[in-house]
Amino acid sequence: MEASEEMKSLYKALAKFRQQLKQPAKDGSNPYLKSTYVTLDGVIKAVDTALEGTGLSYIQEAATSDGLPAVRTVLFHEDGGMMASGWLSLPLKSGATPQDVGSLLTYAKRYQLAAFFGVSSDVDDDGNSASSQNGSQRYPQNAGYQQQNSYHGSGNRGGNAPKSDNSQRYHQVLQETVARLGMTAEEVKVAVASEVGQNPQYANYKKWSPEAKQNVAIKIMKGMK
């Protein structure tokens, strides 16, 4: 299907944006993980600088999705093209305060804005994730793009990965844990493996079915703080 003239202009502007984008320095630190990341201000500054002269602009909307605070990013071009992300919602801890909600929204905005524009803002784990044989995806699936032009509706707002089987549920919980704790997927997996190795109730873990192992991992991840 051929893109509209508005979307062609947007794609061309995005190409210029990519040429102008300079990856920002990681100006935030996580003392718990002894790692660094790019703050929301750092991501915004990098994006705004690269947008100059492209005709592009964006907004980040905050709303609720299934009772959870949610964020989405919408990109506009001066000729009329538009591109929007899905809604990114993250779980709140029990008894969350308004300050907790604000903190979660800030985190979601940083995470999604960086994913949307290709800014490297991940926790710097000194290549540990890259050395994993299994690899890992830092960003939640519902931060992915949905493309449309400005004459159509906003499309699917759910943005959630389907939960039709145990494997998909496992990956969903893994992504939620990554977002909630600010860890890499590999770090979460290491923490799960450590708990399995230390807990006597999992003595026969190696003999369990893949589904049973995933259920254990889900249980452990949900209890991680």
Side-chain angles (χ1 to χ4, degrees), residues 26-40 65-71 88-97 99-112 114-115 120-144 159-225:
K26 293 177 173 61
D27 53 351
S29 63
N30 186 328
Y32 176 72
L33 296 176
K34 298 181 180 180
S35 56
T36 58
Y37 62 94
V38 182
T39 61
L40 176 60
S65 177
D66 297 326
L68 296 175
V71 170
L88 170 60
S89 60
L90 300 176
L92 279 170
K93 64 182 182 181
S94 178
T97 66
Q99 289 76 18
D100 292 327
V101 175
S103 178
L104 191 68
L105 285 173
T106 297
Y107 188 89
K109 286 181 178 180
R110 178 182 73 83
Y111 222 127
Q112 190 177 80
S120 177
S121 68
D122 297 358
V123 172
D124 185 354
D125 65 353
D126 199 26
N128 289 329
S129 293
S131 64
S132 168
Q133 291 182 349
N134 294 329
S136 62
Q137 180 180 357
R138 283 283 301 164
Y139 296 108
Q141 289 180 352
N142 54 359
N160 297 317
K163 302 176 183 178
S164 58
D165 58 39
N166 204 65
S167 178
Q168 290 171 325
R169 177 59 179 159
Y170 164 79
H171 288 292
Q172 177 72 14
V173 174
L174 175 61
Q175 292 162 0
E176 291 172 353
T177 306
V178 165
R180 175 165 52 85
L181 299 180
M183 301 169 68
T184 67
E186 189 61 29
E187 287 168 338
V188 173
K189 292 176 183 178
V190 169
V192 169
S194 176
E195 174 63 22
V196 169
Q198 296 176 19
N199 196 321
Q201 68 176 308
Y202 304 132
N204 296 319
Y205 176 84
K206 292 183 178 180
K207 299 179 180 180
W208 293 1
S209 68
E211 183 175 356
K213 291 179 179 179
Q214 288 174 341
N215 286 333
V216 168
I218 290 171
K219 177 182 177 181
I220 294 173
M221 287 188 291
K222 285 186 173 182
M224 291 175 63
K225 300 179 180 178

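Across all non-hydrogen atoms, the minimal contact from Gln112 to Leu88 is NE2-CB, 3.3 Å. Residues Asp100 and Gly95 approach most closely at OD2-O, 4.5 Å, considering heavy atoms. Closest approach of Leu104 to Pro91, counting heavy atoms only: CD2-O, 3.8 Å.
By the 4.5 Å heavy-atom criterion applied to side chains, Ile220 and Val196 are counted as neighbours. Taking the side chain as every heavy atom from C-beta outward, Glu176 and Leu90 never approach each other to under 4.5 Å.
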Solution key, residues 208-217 side-chain donor-acceptor pairs under 3.5 Å, sequence neighbours excluded:
| residue | atom | partner | partner atom | Å |
| --- | --- | --- | --- | --- |
| Trp208 | NE1 | Asn204 | O | 3.2 |
| Ser209 | OG | Ala212 | N | 3.2 |
| Gln214 | OE1 | Asn166 | ND2 | 3.1 |
| Asn215 | OD1 | Asn166 | ND2 | 3.4 |
| Asn215 | ND2 | Glu211 | O | 3.4 |

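To the nearest 0.5 Å, the span separating OG1 on Thr39 from CZ on Arg110 amounts to 8.0 Å. With values rounded to the nearest 0.5 angstrom, Met221 atom CE is found 5.0 Å from Leu174 atom CG.
Judged purely by atom type and a 3.5 angstrom limit, Thr106 uses its side chain to pair as donor or acceptor with the backbone of Gly102.
Residues forming a side-chain contact (heavy atoms from CB on, under 4.5 Å) with Val101 (at least two apart in sequence, or on another chain): Pro69, Leu92, Leu105. The side-chain hydrogen bond (donor to acceptor under 3.5 Å, both in side chains) test applied to Ser194 returns Gln198, not counting sequence neighbours.
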